[in-house]
Structures are given as structure tokens and as C-alpha cells.
There are 2 protein chains.
Amino acid sequence: MNVTAFKRRKEFGKTLASDIAHRMRNEIVTCRLKPGEVLKFDTLRLAYGASFTTLREALTCLAAEGLVVAEEQRGFKVAPISLSDLIDLTRARILIEVDLIRRSIENGNDDWEIAVISSIHRLGIIEGREVEDYADNPEWKLAHREFHESLVAACGSPTLLGIRQSLFERAERYRNISARFRPRPRDKAGEHRALMKAAVGRDADRACELIARHIQNTTDNVIKYASELFSQN
Amino acid sequence: MNVTAFKRRKEFGKTLASDIAHRMRNEIVTCRLKPGEVLKFDTLRLAYGASFTTLREALTCLAAEGLVVAEEQRGFKVAPISLSDLIDLTRARILIEVDLIRRSIENGNDDWEIAVISSIHRLGIIEGREVEDYADNPEWKLAHREFHESLVAACGSPTLLGIRQSLFERAERYRNISARFRPRPRDKAGEHRALMKAAVGRDADRACELIARHIQNTTDNVIKYASELFSQN
DNA sequence: TCAAGCCATATTTTCGAAAATACTACCGCT
DNA sequence: AGCGGTAGTATTTTCGAAAATATGGCTTGA
């Protein structure tokens, strides 16, 4: 059969461009690529081992997600962070997440409930293992992301789910910045459990209230511990 | 000084890729490029006079906006239309537009009010000129778009404004389909005037109510006159 | 007749060079 | 000194060919 080429390592997606986009997205979200940093093609070519065109496609993709900004004829740079961007982002996320969780609770069937419960359980296991700040752990980040995804998974709106995802990623960058500077992790586990209970208990009003507060709390924390890192406007 | 090259006609944006994206966006929204149509590079190269790479970048951009879908290693096609997509889109638009119009009414200053009034006036002039169905007129479409933009312009959320714009464009495709099949145009002018009055009268609740109904009415009309054109799922 | 494997062709994806454009440092002028 | 223009360099953008991958038809064997 067709031995799918292993000349190149393609971890996600089938095309090189989408693979590079994925790797860069990760580096931006974890701030290995710093906010505002200019992305020169010569440098990128060296770092990712791909040609101009391929890199360009990856960057175009990330620009559409808001992780990179393209200034025509003057190249690309990592999207800057700012207090106003964080506030804007937070408000947008609350608007959308609240709507999706309500719809998910309305539509979700047994499988959905099971997925919610099993994803918070996985999160709990990881949290139990690490006595230190678990929020730095990539494994926790993935499980955390999947828990929140499971809550809204039954909403039935592919359009808003896609938007939600890219907003979540933009927000994760701010969370990662704050994680490095805050004295100790906030206790999110309780908030997550309460969310799960409201969801499987089909208490939509309460779930909406909780998710809105959860998102807002996280943002307030970022502002408290990391706002001096932001540019002004 | 720098004589900005006129070798190529670049109507919008400075790069060829963004210009082509703009032209293709227009052709998709007006359904000159039909829903579901496969976009082969050889054909596109002929039609737009650009190379593989440049076209690829334009397509990547449009894919992020949801007007084109990319199937890895199997090329691009114009995003299909369907009843479920229209319903999903409509609900997402109402959620966002309602929030933005409310915030715009809260934040808008005198300049905003003036912009709203002048854009509906322009719309009225165009409608007055044409006795026939004005909704086919590109000039009307532009003015219509700008009126709706002016309503939300003062919301203060760049993120949601960007999202709103791409949803608006996806919806415009459905409006254009329906416009060709419905017996006579619905009277939108009244709805627009009422919206304008609620906005400048700072009656946020009423404006939200009106915009939600306006969007829903438009969708109901599309479904009534053109739903048999959609694919099932 | 049908399914599975394989070759030839069509198509997409990737590359590195060439063209276009922006940036910088320098020079002459007021 | 400060400003405007200019040439040279750095960088991005575009191109068309080459590599990789999918598609469709054909042959073979059951």
C-alpha cells in the first residue's frame, strides 16, 4: 500500500503548512514566541525548515485566528498583548460560552453527560498527582481544555464552536503569562466541579452564571498579577 | 516619490494575494462561484492570472472566513450551503449583533449618531431611485452593509466586530440566493428606519428586539423562497 | 461479475530563485 | 543643524518548475 511518507514528521494534519501552523500556534500560546515579536522569514525558515511559501500559508492561517498580525508589505509579527485586548476577549468569550453552555445543557444526551463527567475525572487525576502548580503542566492544560470543550460540545453550533476555540487559544496565552508570575495557583478545581454538577444536573441558569464568573475570575487574576507586562493601549 | 506600481491593478489591499482574496470573496458571496464548486488551481490560475502560491494564500484566507473549505491534499471548494448552516449562522449572528448594538448604544457619542443617520439616509436615496427590486443593486448592498455596520460601530469590541463581519458575509450569500427567487422584495426600509430611531433614541432594549427580528425575518424569507436549493444535511 | 492491486494521469503541495517593495544611511542643500 | 532626496541593503511577495499525493481506469484472479 501507499507508505505514507515519513520523510517529514507531520504530527498534526496532513500538509506541512498545517503542521507548521500547529507548531507555531503552540509556541505563540506558550509565549516561546513573544507578543509583538517580528517574524522574519529568514529566521523562520531556519527554525522550521520550510520554504517562504509554506511559512506564509501557516502565518496567514494564524493571522485569521488572531495570534499573528499581518502588516501588508511589512511582514508578520506575533499579536501583541494588551489590557484592552484581554478585556475585549474576555467579554466576547463570556457572551459566546454562556450561550453555548445553555444550548449544550438543553440538547445534551446521555453520551454528553458521560463525556463531561469523564473529562473532569481525568482533570482530577492529573491535579491529584502534582502537589505543585499543576497549571504549568501541558497535560493538565490539555485536560482542562477538553473539560471546557466537553461542556459545550452538545450545543449544536459548529460556527460558534469554531469561534470559541480560537478565542480560547488567544486567552490561553494570557493565562500562561499570569501563571509565571502569580504567587500560587487559584483553586480552580472547585469551580470546575461546580460547573460539572450544574451541567449534568441540567441547571442551565446556574451553569451560565458559573461559567461567566469562572472566565471573569481567571481574567481578574491575570490582570492582578501580570497587567504590568502589557502595553498600554 | 515612490510611484506605487500600476503594473498590476490592486483594487483592495496592497498585496496581490489580498486583492485576489477580495475578488474571490465577492464572487462567492454573489454566487458567481457556486456553493460546493471545486476550485482547481489550473482553472483559478487562468481566471485570476496569479500563481499557485498566491492563489493558495487567498484561499487559505477565505477558508478561515468560512466561505471556502479546504480538504487537505484534496484541494479547495466553495463552502456548500445548507439549511442547517443557515440556521446555525442566523442564531450566531443574532447572539452577537444584539450584544454589539446594545453596547454601541451605551457607548456611542454624537459622531456615532450622525454616522447612523447619514448612512440610513444614503440607503433611502438609493431605494428611492429604483422602483424595481433594489436589493440586486450592488450600490444598495454596500449602503445596506454600511448602515448595519454603523449601528454597531461604537460597541468597542474589535474582536466581535471582526467575527460579525465574516458572519455577515456568509449570510449575504444566502440573501443573494433568495433575492433571485422570491416574488417581490420584502419591505426592509421600515425595519431599518425603526432600528435607526431606536438607536439614536438610545432605546437599547427596543433596538435589540428589532435587530433580532430583522435578522430572523430575513432568514425566514430565505427559507421560504429558496430552501429547496439547499442540500439536506 | 466482482473485488483488489497497480499503473498512468490529474492535481495539489512544496521549493528556491527572481521581482517588488520597504527600510537605512548617507549626501547635498537651505 | 535640519530637511529632502537618493542609492544601497534588507525583507517581503510572487513566480513557475519539481516533488508529493490523490484519482480513475485497467488488468488479474477468484
Side-chain angles (χ1 to χ4, degrees), chain A residues 1-25 28 33-34 36-64 67-79, chain B residues 1-25 28 33-34 36-64 67-79:
Chain A
M1 266 296 166
N2 198 345
V3 184
T4 42
F6 42 78
K7 277 183 191 171
R8 298 183 178 289
R9 182 172 332 229
K10 293 182 182 175
E11 310 193 357
F12 294 89
K14 286 185 178 177
T15 70
L16 182 57
S18 68
D19 181 44
I20 287 175
H22 192 276
R23 286 199 277 157
M24 281 185 63
R25 183 175 8 237
I28 292 172
L33 284 171
K34 298 203 173 50
E37 185 173 343
V38 268
L39 298 166
K40 289 199 203 89
F41 280 101
D42 279 332
T43 316
L44 294 175
R45 210 151 62 92
L46 206 64
Y48 293 95
S51 82
F52 297 109
T53 322
T54 308
L55 288 165
R56 181 160 253 277
E57 188 183 329
L59 287 168
T60 305
C61 227
L62 295 172
L67 291 174
V68 153
V69 300
E71 295 168 272
E72 306 214 313
Q73 311 283 32
R74 302 207 288 135
F76 296 82
K77 67 181 180 187
V78 179
Chain B
M1 270 294 167
N2 197 348
V3 184
T4 41
F6 42 79
K7 277 182 189 170
R8 299 185 178 287
R9 182 170 331 228
K10 293 181 183 176
E11 311 194 356
F12 293 90
K14 287 185 177 175
T15 69
L16 182 56
S18 69
D19 180 45
I20 286 175
H22 191 276
R23 285 199 277 157
M24 281 184 63
R25 184 179 302 124
I28 292 173
L33 285 171
K34 297 202 174 52
E37 185 173 344
V38 276
L39 299 165
K40 288 199 203 90
F41 280 101
D42 279 331
T43 316
L44 294 175
R45 210 150 62 92
L46 206 65
Y48 294 95
S51 81
F52 298 109
T53 321
T54 308
L55 289 165
R56 179 160 255 276
E57 187 182 331
L59 288 168
T60 304
C61 228
L62 295 172
L67 291 174
V68 153
V69 299
E71 293 168 273
E72 306 214 314
Q73 311 284 32
R74 302 209 287 136
F76 296 83
K77 66 181 182 189
V78 178

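All values reported here derive from a predicted model rather than from experimental measurement. Per chain, numbering begins at 1; letters A, B, ... match sequence-line order.
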Figure out the [atom1]/[atom2] separation between [X] and [N], and round it to whole Å.
X: A/Glu57; N: D/dT14; atom1: CD; atom2: C1'; value: 15 Å
X: A/Leu55; N: C/dG16; atom1: CG; atom2: C1'; value: 13 Å
X: A/Lys14; N: C/dT14; atom1: NZ; atom2: P; value: 13 Å
X: B/Leu46; N: D/dG16; atom1: CG; atom2: P; value: 13 Å

### Message
A/Arg25: which residues meet the salt bridge (Lys or Arg N to Asp or Glu O under 4.0 Å) condition with it, sequence neighbours left out?
### Response
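Here the qualifying residues are A/Glu65.
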
### Query
Nearest of C/dG16, D/dT14, D/dA22 to any side-chain atom of A/Ser51?
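For A/Ser51, the side-chain atoms sit closest to C/dG16.
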
Name the pairs: protein N/O against N/O of nucleotides 10-12 of chain D, kept only if under 3.5 Å.
from: D/dT12; atom 1: OP2; to: A/Phe41; atom 2: N; distance (Å): 3.1

#### Entry: Nearest-0.5 Å distance that lies between atom CG in A/Leu62 and atom CG in A/Leu39
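The distance works out to 9.0 Å.
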
### Message
Quick check for you: to the nearest 0.5 Å, what is the distance between A/Phe76 atom CZ and A/Lys40 atom NZ?
### Response
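One finds 14.5 Å between CZ of A/Phe76 and NZ of A/Lys40.
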
### Full working for side chain to side chain contact (heavy atoms under 4.5 Å, CB included) between B/Phe41 and B/Leu46
CA-CA 8 Å; B/Phe41 280 101; B/Leu46 206 65; over 6 Å; no

#### Entry: Residues that A/Ala50 engages under side-chain contact (heavy atoms from CB on, under 4.5 Å), provided they are two or more places apart
A/Leu16, A/Ile20, A/Thr54, A/Leu55

### Query
For C/dC15, does either OP1 or OP2 sit under 4.0 Å from a side-chain N or O belonging to A/Thr54?
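For C/dC15, OP1 or OP2 has a side-chain N or O of A/Thr54 closer than 4.0 Å.
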
### Message
side chain to side chain contact (heavy atoms under 4.5 Å, CB included), that's the test. Do B/Leu59 and B/Met24 meet it? Break it down for me.
### Response
CA-CA 9 Å; B/Leu59 288 168; B/Met24 281 184 63; 3.4 Å; yes

